[in-house]
Amino acid sequence: MLDEVSRWLSRRSLRAADYPIEDLVAAKRSPTLGDGTGATTVSVVLPALDEEDTVGDIVTVIREQLMRPELPLVDELVVMDSGSTDRTAEVAAGAGAKVVRREEVFPGTPVLPGKGEVLWRSLAATHGDIVCFVDADLRSFSPDFVSGIVGPLLVDPELQLVKAMYDRPLGDVPGEYGVPAAMGGGRATELVARPLLNLHFPLLSGFVQPLGGEYAARRGLLERLPFPVGYGVEIGLLIDALRVAGLDALAQSDVGVRYHRHQDAQALGRMATAIYETVEQRLGRSERRGWAGNEGGVELVQFERATGGGFLARGHVVDARSRAAVVDQSEYRSGERREE
């Protein structure tokens with residue numbers, strides 16, 4: 001391990017338990033962390049695609065524990081609907097979230113599929129000085145997933161981005177099946193992302209969950225970063241945040257255990273392809289231009305057993321394009337961010 005990473009791990013590996021909500025609400029009122037004129041504001045964004053079974057519980061926990069009038073840690077809670085065909089939007093709204101359809105943001109810009117596309121558009125659908133992303137498929141959701149990553153940003157003005165770290169069991173019990181809890185459900189992390197980061201971006205090798213969907217950052221940083229539209233969004237943002245802000249501006253916070261649904265092997269293969277291509281683009285080694293509006297798809301051939309015997313080959317196009325920094329979007333600059 002690099003000495004710089006070892007020092008970073010000691011300095012920037014934090015714990016949610018060290019950030020009680022009462023202290024964070026007081027820190028929010030400091031004029032030194034926001035725009036200098038008043039309290040720092042916090043927006044929580046849940047990107048959601050067919051998450052009717054879990055999104056309502058997450059919204060309820062955030063509203064009841066983090067948005068109480070006497071302890072208003074979170075100022076804005078937005079569920080970004082990524083084209084759900086189930087009752088995700090209805091359930092989220094019923095639990096008290098503001099629901100924004102991806103098509104409502106930047107209406108003059110055609111929508112691309114993918115989680116990263118929704119996160120990029122969410123910057124124009126929210127107003128907080130700090131933006132906190134939380135996946136909408138979490139079970140047994142704890143408010144620590146928000147307070148634990150927003151908290152360090154509220155008390156340390158040097159920090160720009162904080163990622164959650166956690167045990168990620170493959171089953172329902174940490175350590176089940178004899179697999180270490182921290183990596184059991186993080187197969188794409190251990191097999192693809194971690195080797196790539198150690199080989200090509202070793203300063204990021206200290207992140208426990210580099211692909212985790214729970215992280216918070218200052219709006220000023222997120223506005224300057226390109227957003228991969230698909231599965232490459234988390235590793236792309238992490239690499240680009242290192243480039244823009246430097247390692248000491250990044251941190252991670254232990255929020256406990258993350259329970260969620262897991263992808264099958266073929267879905268993981270498509271995810272791995274997007275991750276690999278995102279890294280290749282940032283190394284300047286990809287032949288694909290990769291920006292939205294240009295060619296950026298990668299074809300992955302996968303196989304399944306045919307009904308009559310043998311194997312059937314299927315080609316899947318994995319979207320590896322990126323959106324340019326949102327601050328360069330004319331609709332964002334003009335303030336015309338969303339159709340009301």
Task: Leu196: which of Val279, Leu204, Ile239 passes side-chain contact (heavy atoms from CB on, under 4.5 Å) - done: Val279
Task: Distance in Å, Gln302 CD paired with Thr273 OG1, rounded so as to fall on 0.5 Å steps - done: 7.0 Å
Open item on the list: Taking the six-membered ring of Phe303 as reference, does the cationic atom of Arg314 (NZ for Lys, CZ for Arg) lie under 6.0 Å from its centre and within 45° of its axis?
Closed with: no
TODO: Could you tell me which non-hydrogen atom of Ala320 sits nearest to which non-hydrogen atom of Glu277, and how far apart they are?
DONE: CB-CG, 3.3 Å
Open item on the list: I want to check something: taking the side chain as every heavy atom from C-beta on, are Val298 and Tyr276 in contact at a cut-off of under 4.5 Å?
Closed with: no
Task: Pairwise side-chain contact, Asp144 with Asp254, heavy-atom cut-off 4.5 Å (strictly under) - done: no
- [ ] Please lay out, stage by stage, how Phe141 and Val146 fare under the test side-chain contact (heavy atoms from CB on, under 4.5 Å).
- [x] CA-CA 10 Å; Phe141 179 77; Val146 175; 4.1 Å; yes
Task: Within-4.5 Å side-chain heavy-atom neighbours: Leu9 and Gln252 - done: yes
Open item on the list: Apply salt bridge (charged side-chain N to carboxylate O under 4.0 Å, His left out) to residues Asp129 and Lys28 and explain how you reach the verdict.
Closed with: CA-CA 10 Å; Asp129 303 305; Lys28 276 187 64 181; over 6 Å; no
- [ ] Could you tell me which non-hydrogen atom of Val257 sits nearest to which non-hydrogen atom of Phe145, and how far apart they are?
- [x] O-CZ, 3.4 Å
- [ ] Mind checking the CG-CD spacing from Leu250 to Glu158? Nearest 0.5 Å is all I need.
- [x] 12.5 Å
TODO: Please collect all side chain to side chain donor-acceptor pair (under 3.5 Å) contacts where either partner lies in residues 106-123, sequence neighbours excluded, each pair once.
DONE: Thr109-Gln329, Thr109-Glu331, Lys115-Asp135, Lys115-Glu234, Glu117-Arg121, Glu117-Arg323
TODO: Kindly indicate whether the side chain of Ile149, heavy atoms from C-beta on, has any atom under 4.5 Å from the side chain of Cys132.
DONE: yes
TODO: Would you give the length of the straight line joining atom CG of Asp248 to atom CH2 of Trp8, rounded to the nearest 0.5 angstrom?
DONE: 9.5 Å
- [ ] State, with a plain yes or no, whether a side-chain heavy atom of Met165 is found less than 4.5 Å away from one of Ser13.
- [x] yes
Open item on the list: Would you say that Leu153 contacts Arg218 through its side chain, given a criterion of any heavy-atom pair below 4.5 Å between the two side chains?
Closed with: yes
TODO: Before giving the answer on side-chain contact (heavy atoms from CB on, under 4.5 Å), spell out for Val155 and Asp23 the whole-Å C-alpha distance, their side-chain angles and the decisive distance to 0.1 Å.
DONE: CA-CA 9 Å; Val155 302; Asp23 293 350; over 6 Å; no
Task: Check: Gln209 side chain, Tyr166 main-chain N or O, donor-acceptor pair, under 3.5 Å - done: yes
Task: Donor-acceptor contact present, side-chain Gln266 to main-chain Glu304, <3.5 Å - done: no
Task: Inter-residue atom distance Leu283.CG - His200.NE2, 0.5 Å rounding - done: 5.5 Å
Task: Check: Ser43/Arg219 side-chain N/O donor and acceptor closer than 3.5 Å - done: no
Open item on the list: Are Phe106 and Val326 packed together at the side-chain level, in the sense that at least one heavy-atom pair is separated by less than 4.5 angstrom?
Closed with: yes
Open item on the list: To check you understand the geometry: which heavy-atom pair defines the closest contact between Pro47 and Ala136, and what is its length?
Closed with: O-CB, 3.4 Å
TODO: Apply the test side-chain contact (heavy atoms from CB on, under 4.5 Å) to residues Leu46 and Ile62: give CA-CA distance (whole Å), side-chain angles for both, the deciding distance (0.1 Å), then the verdict.
DONE: CA-CA 11 Å; Leu46 275 64; Ile62 293 173; 4.2 Å; yes
Open item on the list: Please check this pair: side chain of Asp50 against backbone of Thr85, looking for a donor-acceptor N/O pair closer than 3.5 Å.
Closed with: yes
TODO: Measure from the side-chain N and O atoms of Asn198 to the backbone N and O of Arg194, and report whether any donor-acceptor pair falls under 3.5 Å.
DONE: yes
Open item on the list: For a quick test of reading the model, state the closest non-hydrogen atom pair linking Gly56 to Ala95 and the distance between them.
Closed with: O-CB, 3.7 Å
Open item on the list: Would you say that Val150 contacts Leu24 through its side chain, given a criterion of any heavy-atom pair below 4.5 Å between the two side chains?
Closed with: no
Task: Ser253 side, atom OG; Leu159 side, atom CG - distance, nearest 0.5 Å - done: 10.5 Å
- [ ] For Leu112 and Arg102, work out which heavy atoms get closest and say how close.
- [x] O-NH1, 4.2 Å
- [ ] Can you measure from CD (Glu51) to CG (Asp86) and round to the nearest 0.5 angstrom?
- [x] 7.5 Å
Open item on the list: On a heavy-atom basis, which atom in Leu238 and which in Pro210 lie closest, and how many Å separate them?
Closed with: CD2-CB, 3.9 Å
